[in-house]
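Along the sequence shown, residues carry numbers from 1.
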Amino acid sequence: MLETTALATAPPSAEEFVSRHPWAPELLAQGRPLEFLWHFELAATASELWPYISDTSRLNRAMGVTRMYFEEREGALHGRAVNGGFLQEWVEVPWTWVAERQMTSVRLYSRGFGHSVRGIFELQPLGDRTRVSVYFGWVPRGFWQRWLLSLGMRPLEREFQRVLSEVEQAVSDVRRKSNPLMKTAPELAPEAAERLGVLAKRLLNEDVDAGLVEQLVAHLKSADEMDLFRIQVLPLARRFGVPEDAMLEACLKATRVGILALSWDVICPHCRGVRSEIHTLGEIPRKQDCGACGIDFETDDDNAIEVTFHVHPSIRAVERQFFCSAEPAFKAHIKLQQRLPPGQRARCDTALGPGSYRLRVSGIEAPTPFEVRAEATAAELSVKPGSRELPPAAPSPTLVLENDSAEARTFVVETPTWADDALRPSRLLSFQQFRDLFTEEYVGSDVQLSVGRQTILFTDVVGSTKLYATRGDPGAFVDVKRHFTEILEVVKQHHGAVVKTIGDAAMAAFSSPVDAIAAAERILLGLPPGREDLKIRVRASLNTGPCIAVSLNTNIDYFGNTVNLAAKLQAFAEAGQLAFPKALVEQPGVQALLDERQAKLVELAYDPPGGSAMPVLRWDVNP
């Protein structure tokens with residue numbers, strides 16, 4: 001039986017430690033293990049230490065461990081490294097871990113000093129302190145390899161002591177900004193530094209704030225290359241202390257001048273790892289596979305694509321660097337991952353806090369949702385493959401995993417929500433600056449790209465026939481074009497994007513319904529009756545819901561029922577009026593905005609052919 005239980009107060013002996021983490025018989029069949037167990041007591045909580053300790057790639061780099069190279073082949077992760085002049089090659093077995101409690105890695109060597117090695121980290125909470133136990137167990141290939149491994153492992157304990165002491169200091173000193181596991185990038189080559197300076201001046205000419213340009217340039221010159229490999233806009237905006245839209249616009253313009261490169265990353269829905277990096281939107285495949293998870297998936301899911309940026313190779317050639325596969329750090333949404341052979345059980349103490357989670361078991365298609373609640377009393381949950389329902393659990397529950405099936409199963413507990421740090425196509429495609437700067441981007445003809453929930457706004461000129469009759473075609477054309485210019489500016493100021501214009505109608509998209517309503521109000525107020533310089537009145541309608549992006553006449557257009565309904569609701573509005581579904585009021589912030597504006601709403605009914613009646617609200621914004 002595999003057991004992951006609460007530890008005693010005294011540090012465990014090697015025998016006690018291994019009894020909790022027994023060797024697989026097939027590994028011991030290859031020889032007698034060479035074992036090392038070290039204990040470090042740190043003045044920090046397990047939750048404070050976990051982000052550092054689980055990031056074993058940075059941790060290993062800080063300790064001077066040799067760089068590693070990984071390649072996925074036929075669903076397995078193959079690694080290689082050179083240690084002491086000797087090539088080591090192995091297969092990385094999927095890690096097991098319980099967040100803030102323990103993690104285990106196993107490597108099966110085809111070439112090198114050993115047949116296999118196990119690395120185990122345990123974190124035992126001791127009030128406001130934590131004992132970190134580090135175990136390594138090698139199965140050497142022979143006598144000389146055993147001797148070489150003994151020599152090579154001796155300095156590692158000192159390196160752990162040094163680096164973990166720095167981590168302890170970083171956690172305890174709240175004023176300290178630096179991460180001891182971070183490493184400043186190598187200095188740029190003179191020609192690259194000169195090129196960056198020239199391109200930075202061009203970026204200033206693109207009306208990007210000088211302070212933001214200075215921060216971005218400094219980041220590209222000195223940030224850790226592990227961070228520079230894949231730049232996420234939203235965390236970078238927080239780090240720089242600037243609005244997200246300003247950071248996104250700066251990165252887009254930096255891409256246009258040649259400082260950055262834009263990437264459309266296909267993300268696995270299970271492990272949430274990057275499966276491929278696409279240079280243009282039109283190259284996104286309809287389907288993608290994840291060998292590690294053993295699944296094929298469609299790319300039309302809301303979370304299937306993340307937009308990131310890379311340093312342009314003419315500035316700095318940044319490779320993805322590994323000093324360990326560091327599965328727990330790269331899969332932070334997974335709080336527990338345990339693989340159990342048939343008939344085995346695992347009792348896992350967790351650090352799950354209040355919130356929603358879901359359980360996935362390999363070979364079982366449907367996940368099982370469950371909740372951790374502060375008021376719940378269940379301190380223990382029993383889980384088997386195919387469990388359909390789990391009761392609410394108290395914080396830090398013990399999960400008793402039992403594999404009663406005839407084959408090995410992997411149990412995964414994860415947070416169901418996706419990280420807010422990801423920039424999705426839904427936000428980028430409704431960002432006017434992207435549409436202005438990247439007019440050559442398109443969606444592949446066979447791809448239907450989900451852009452999630454969008455709020456679609458339509459505006460339409462009222463009385464256009466009279467306008468053309470009184471102003472004539474040239475004069476009317478000038479007026480319509482001027483009114484489009486004003487609409488574009490209002491949409492941009494409210495974080496939206498004009499998707500297209502059709503005759504004298506405009507279609508815009510917003511990530512937020514509050515922004516869409518505020519923009520519609522501003523447009524209607526800006527074109528009042530009696531305006532002398534622009535005698536145009538418009539009506540507006542909007543709707544919120546899921547949309548897909550499609551290619552139409554080489555442009556990115558939106559399609560779906562959400563768009564169709566938004567267009568049809570124009571029939572419920574006259575000049576100066578806005579129509580929208582009553583259900584829209586339930587969206588966060590909408591009712592508060594309408595109350596603030598003291599909007600007087602009239603309820604109407606839309607009877608779609610073959611469907612049930614739907615209540616519609618009309619706001620007389622500018623009578």
Side-chain angles (χ1 to χ4, degrees), residues 2 4 75 94-99 266-275 285-306 327-328 330-348 350-373 376 378-395 397-420 422 424 426 448-450 452-453 545-546 548:
L2 174 65
T4 304
W95 290 47
T96 62
W97 69 89
V98 181
V266 181
I267 308 297
C268 171
H270 282 185
C271 67
R272 304 185 190 177
V274 179
R275 303 310 306 158
R286 290 187 61 187
K287 291 185 177 181
Q288 183 74 56
D289 67 276
C290 181
C293 296
I295 63 168
D296 297 326
F297 60 94
E298 303 279 347
T299 59
D300 61 356
D301 183 83
D302 291 355
N303 297 305
I305 308 295
E306 180 182 357
E327 267 198 86
F330 290 125
K331 302 176 182 178
H333 66 290
I334 295 180
K335 305 303 179 183
L336 176 149
Q337 179 168 294
Q338 296 287 321
R339 185 167 178 81
L340 300 183
Q344 286 209 5
R345 297 173 72 246
R347 185 180 178 86
C348 302
T350 75
L352 298 178
S356 298
Y357 301 90
R358 69 180 181 187
L359 168 75
R360 286 192 291 108
V361 181
S362 60
I364 307 297
E365 184 172 347
T368 303
F370 70 97
E371 291 189 354
V372 174
R373 300 176 182 171
E380 187 172 293
L381 295 181
S382 296
V383 179
K384 297 181 180 180
S387 295
R388 296 297 182 186
E389 186 174 348
L390 295 174
T398 296
L399 301 185
V400 181
L401 313 178
E402 182 176 356
N403 182 10
D404 59 359
S405 66
E407 59 187 71
R409 301 282 192 183
T410 298
F411 292 74
V412 173
V413 173
E414 62 188 4
T415 54
T417 55
W418 288 68
D420 293 333
R424 300 297 179 194
S426 57
Q448 295 183 348
L449 178 66
S450 171
R453 293 186 66 84
I548 60 172

J.: Using 0.5 Å steps for rounding, measure from the OG atom of Ser362 to the CD atom of Glu407.
T.: 7.0 Å
J.: Might you work through the side-chain contact (heavy atoms from CB on, under 4.5 Å) test for Tyr357 and Thr415, ending with a clear yes or no?
T.: CA-CA 5 Å; Tyr357 301 90; Thr415 54; 4.0 Å; yes
J.: Could you walk me through whether Val361 and Thr410 pass the side-chain contact (heavy atoms from CB on, under 4.5 Å) check?
T.: CA-CA 6 Å; Val361 181; Thr410 298; over 6 Å; no
J.: Can you tell me if Gln337 uses its side chain to pair, donor with acceptor, with the backbone of Trp95 under 3.5 Å?
T.: yes
J.: If you take all heavy atoms of Leu390 and Ser382, which pair is closest and at what distance?
T.: CD2-O, 3.8 Å
J.: Which heavy atom in Thr368 sits nearest to a heavy atom in Arg388, and how many Å separate them?
T.: CG2-O, 3.6 Å
J.: Strictly below 4.0 Å, N to O, side chains only: are Lys331 and Glu414 in salt-bridge contact?
T.: no
J.: Verify side-chain contact (heavy atoms from CB on, under 4.5 Å) between Val98 and Gln338, making sure each step is shown before the conclusion.
T.: CA-CA 8 Å; Val98 181; Gln338 296 287 321; 3.7 Å; yes
J.: State, to 0.1 Å, how close Pro285 and Thr299 come at their nearest heavy-atom pair, and which atoms those are.
T.: O-OG1, 2.5 Å
J.: Might you point out which heavy atoms bring Ile267 and Phe297 nearest each other, and give the distance in Å?
T.: O-CE1, 3.4 Å
J.: Quick one: does any side-chain atom of Trp97 pair with a main-chain N or O of Ile334 as donor and acceptor, under 3.5 Å?
T.: yes
J.: Between Arg409 and Asn403, does a side-chain contact (heavy atoms from CB on, under 4.5 Å) hold up when you go through it step by step?
T.: CA-CA 7 Å; Arg409 301 282 192 183; Asn403 182 10; 3.3 Å; yes
J.: Can you tell me how far apart CD (Glu402) and CD (Gln344) are? Round to the nearest 0.5 Å.
T.: 11.0 Å
